[in-house]
Amino acid sequence: AQGCASPRWFLMEKGANLEIRTPAADTALHLAVRAGAASIADLLLRKGMDTNVRNQAEEAPLHIAALQNKGRGHADVARQLLHHKAHVNAQDKQAKSPLHLAAEQGDKTMAEMLLKARADPNAQDKEKKTPLHAAATRGHLSIVEVLLANKGRAGAKDMDGCTPLHYATMKGNIDIVKILIMLELAELSQQR
């Protein structure tokens with residue numbers, strides 16, 4: 001238990017500057033999250049690093065965790081960030097939330113975790129696209145189902161007037177098209 005942790009503790013105890021940033025303005029926390037290094041992220045958070053610190057792309061560490069879906073470490077880090085009061089609906093330079101990024105990546109575990117932490121399933125980016133637009137475009141059926149089950153609006157229109165159904169159709173994502181058409185038919189029958 002002592003081997004790996006002691007050099008990190010030693011550096012921090014000797015006054016290592018946790019505010020130093022890379023040229024892209026990433027902090028040590030951004031880098032730990034990108035690596036999926038839950039133990040390092042935990043150490044940095046316990047030492048008081050800002051959970052919502054931003055880099056040049058206006059990404060908070062939770063954005064990085066949602067974007068990097070290479071294994072369990074990123075889900076563990078995201079859990080830690082949420083526990084330390086990360087803003088679940090934070091927006092990057094493109095006005096994308098962590099849920100947008102999880103939807104783009106097709107990361108169901110991350111999407112469910114963010115939604116459980118009260119992520120807005122209808123958040124809009126700069127192009128007025130929602131996470132449902134992203135999932136429908138990329139063919140992530142399980143994400144589409146999760147978003148719809150959490151009040152994602154199938155009829156949401158982006159700046160071009162396109163709905164998730166339009167994008168699923170353009171990309172040939174037939175299973176998603178079927179679900180969205182069934183949903184629209186159900187909504188129409190309820191209106192009568």
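Model, not experiment: these values are computed from the prediction. All heavy atoms count here, side chains included; hydrogens, waters and symmetry mates do not. In this chain, numbering begins with 1 at the start of the sequence shown.
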Check: [X] side chain, [Y] main-chain N or O, donor-acceptor pair, under 3.5 Å:
X: H30; Y: A60; value: no
X: N52; Y: H87; value: yes
X: Q68; Y: G36; value: no
X: H133; Y: A156; value: yes
X: N173; Y: T137; value: yes
X: H63; Y: A90; value: yes
X: H140; Y: A102; value: no

Please report the closest heavy-atom contact between [X] and [Y], naming both atoms and the distance.
X: A103; Y: P131; value: CB-O, 3.4 Å
X: Q124; Y: T130; value: CG-CG2, 4.1 Å
X: L29; Y: P61; value: CD2-CG, 3.8 Å
X: P164; Y: L132; value: CG-CG, 3.8 Å
X: I64; Y: R34; value: CD1-NH2, 3.1 Å
X: M110; Y: A65; value: CE-O, 3.3 Å

Residue among [options] satisfying side chain to side chain contact (heavy atoms under 4.5 Å, CB included) with [X]:
X: E112; options: V146, D107, N150; value: V146
X: I181; options: L183, I179, V177; value: V177
X: L62; options: V77, T51, L82; value: L82

Which value, rounded to the nearest 0.5 Å, describes the distance between [X] atom [atom1] and [Y] atom [atom2]?
X: K96; Y: E58; atom1: NZ; atom2: CD; result: 15.0 Å
X: L44; Y: D50; atom1: CG; atom2: CG; result: 12.0 Å
X: R79; Y: D42; atom1: CZ; atom2: CG; result: 13.0 Å

Could you check if a side-chain atom of [X] sits within less than 4.5 angstrom of a side-chain atom of [Y], using non-hydrogen atoms only?
X: Q105; Y: L67; value: yes
X: V144; Y: D175; value: no
X: L45; Y: L81; value: yes
X: L99; Y: L147; value: yes
X: E145; Y: L148; value: no
X: T27; Y: N55; value: no
X: T169; Y: H166; value: no

Hydrophobic clusters here meaning ILVMFWY residues chained together by side-chain heavy-atom distances under 4.5 Å, can you tell me if [X] and [Y] are in one?
X: I174; Y: L185; value: no
X: Y167; Y: I143; value: no
X: L180; Y: L141; value: yes

- Task: Report the C-alpha separation of H100 and S97 in whole Å, then their side-chain angles, then the decisive distance to 0.1 Å, and conclude whether the side chain to side chain donor-acceptor pair (under 3.5 Å) test is met.
- Result: CA-CA 5 Å; H100 278 96; S97 68; 3.0 Å; yes

- Message: For residues 119-140, which residue pairs pass the salt bridge (charged side-chain N to carboxylate O under 4.0 Å, His left out) check, not counting sequence neighbours?
- Response: E127-K129, K129-D158

- Query: Is the count of non-hydrogen atoms from other residues, nucleotides or ligands lying under 6.0 Å from M170 atom CE greater than 12?
  - Reply: yes

